[in-house]
Amino acid sequence: LSPSARFTGLNLPITALDNSPHNIGLQRKRVANSVPLSLRISRKITPGKKREANFRTSYVSNDLLMAVFDSGNDGDHVPAQMFNVKNLEPTARETFSIAYPRISARDSKQRFIIPSNSQVSVYQVQPSAPFWLRQVHSIAITGLQFYSMTIAANRYQPIVSIGSWTESPVLANTDTGECRRLKVDASVEWNGLGQTAFLGAERLVVHHSGHITVYQIDPNGNDHVLARYPFPQELVGIAASEKLGAIFACSGHRLECIDASNGTRKWVLPLTYSPGGPPLLLNPAEDVLAVECSIGFSEKSLALIDPTVGAMVHLPRSFREGGESWRSMISFDWSPLSKGLCVCYEDGMVEIFQCGEPLASSRRRPV
């Protein structure tokens, strides 16, 4: 940002003026109320031992955070712990038979989908019970290997899409435990990373054969293509918004916003990625896009993007003790109501960002 844009006072008193395309200080007033603006809490919550390269955190609810520890393994039980978001105090501990500490986005009923070898387990949150997660289903998927799984959840109905590198996505019903392959043309070649995203309740965005394809999902299995747009680059992450009528696709060096109705580019933003987890997440309010980016040779950080214009509005930063070097981010997650953002770093530090607070009202150090 320019020096004037960094001056927080510029953003507060000017509310009646139109936005100026030449003044990013004024443009920041356009950003939705859910943009994280102040650091709420920061604490190290991993065990005090060696670096946990696959430590992950995810919101269970607006008030509860789940942390999964341990490195990648092949179906062993790994520890997981629940933390209170307000103070990051532990509230419960449990273990999972999990092939990799990766947790999907929540479905329409706030269920978690956790992969384990060639199956996925569906868990329902029940914080008041003795065990805070109850397994609802275990869905076996023939031929699917855990290390090639990507999982996209539908926020409007209890369906998830489980993608892989070599076959069409699996559509799984988290209510019934039933699953089936997406019906695609037999000539389709699968050469991507299996990234998918739901565009509303009944459309699925898939990348294959050098194209981004939008499918209409049919309950009876008669899925069909609605649109196909060229995208020859390798796709490392995808998100979609019916509200904005847009598909967000990132390759290795840029983020593109594609008009879902005609395939034209609304904007293109240069960014450098260091893929390792879900590289981008649109918050549930669909007004802020969190994107993984690289700030060095291998250090990963987080860029927050205004999805309507492709402007970077904030970049949360975290230093190691003493401020001599960066912490490298390894996971992040939005709260269910877009009121919080948790960021997890390789050394076990977790930062919770308060959303929707004006900079001037915060007594803590601005992010």
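Each residue takes its place number in the sequence, starting with 1.
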Residues at least two apart in sequence or cross-chain that pass salt bridge (charged side-chain N to carboxylate O under 4.0 Å, His left out) with Asp63, listed by chain then number, are none
* Pair Tyr215-Leu182, side chain to side chain contact (heavy atoms under 4.5 Å, CB included): steps then yes or no -> CA-CA 9 Å; Tyr215 286 90; Leu182 178 72; 3.7 Å; yes
Looking only at atom types and distance, does a side-chain atom of Gln195 sit under 3.5 Å from a main-chain N or O of Val236, one as donor and one as acceptor? yes
With Asp223 as partner, the option from Arg181, Arg180, Lys183 fulfilling salt bridge (charged side-chain N to carboxylate O under 4.0 Å, His left out) is Arg180
| task | Answer yes or no: are there more than 12 heavy-atom neighbours, outside Glu202 itself, under 6.0 Å from its atom CD? | result | no
For Glu242, the salt bridge (charged side-chain N to carboxylate O under 4.0 Å, His left out) test, sequence neighbours excluded, returns Arg203
Margin query: In the structure I gave you, are the side-chain heavy atoms of Ile258 and Phe248 within less than 4.5 Å of one another anywhere?
Written below: no
> Going through the checks in order, is the side chain to side chain contact (heavy atoms under 4.5 Å, CB included) test met by Cys342 and Tyr59?
Replying inline: CA-CA 8 Å; Cys342 72; Tyr59 278 94; 3.8 Å; yes
Applying salt bridge (charged side-chain N to carboxylate O under 4.0 Å, His left out) to Glu286 and not counting sequence neighbours gives Arg155
- Message: For Asn84 and Thr91, which I'm curious about, is there any donor-acceptor pair between the side chains at under 3.5 Å?
- Response: no
Rounding to 0.5 Å, atoms NE2 (His207) and OG1 (Thr213) come to a distance of 8.5 Å
Report task. Indicate yes or no: does Glu256 engage Arg254 in a salt bridge with an N to O separation below 4.0 Å. Result -> yes
Less than 4.0 Å between a side-chain N and a carboxylate O, is that true for Asp175 and Lys109? yes
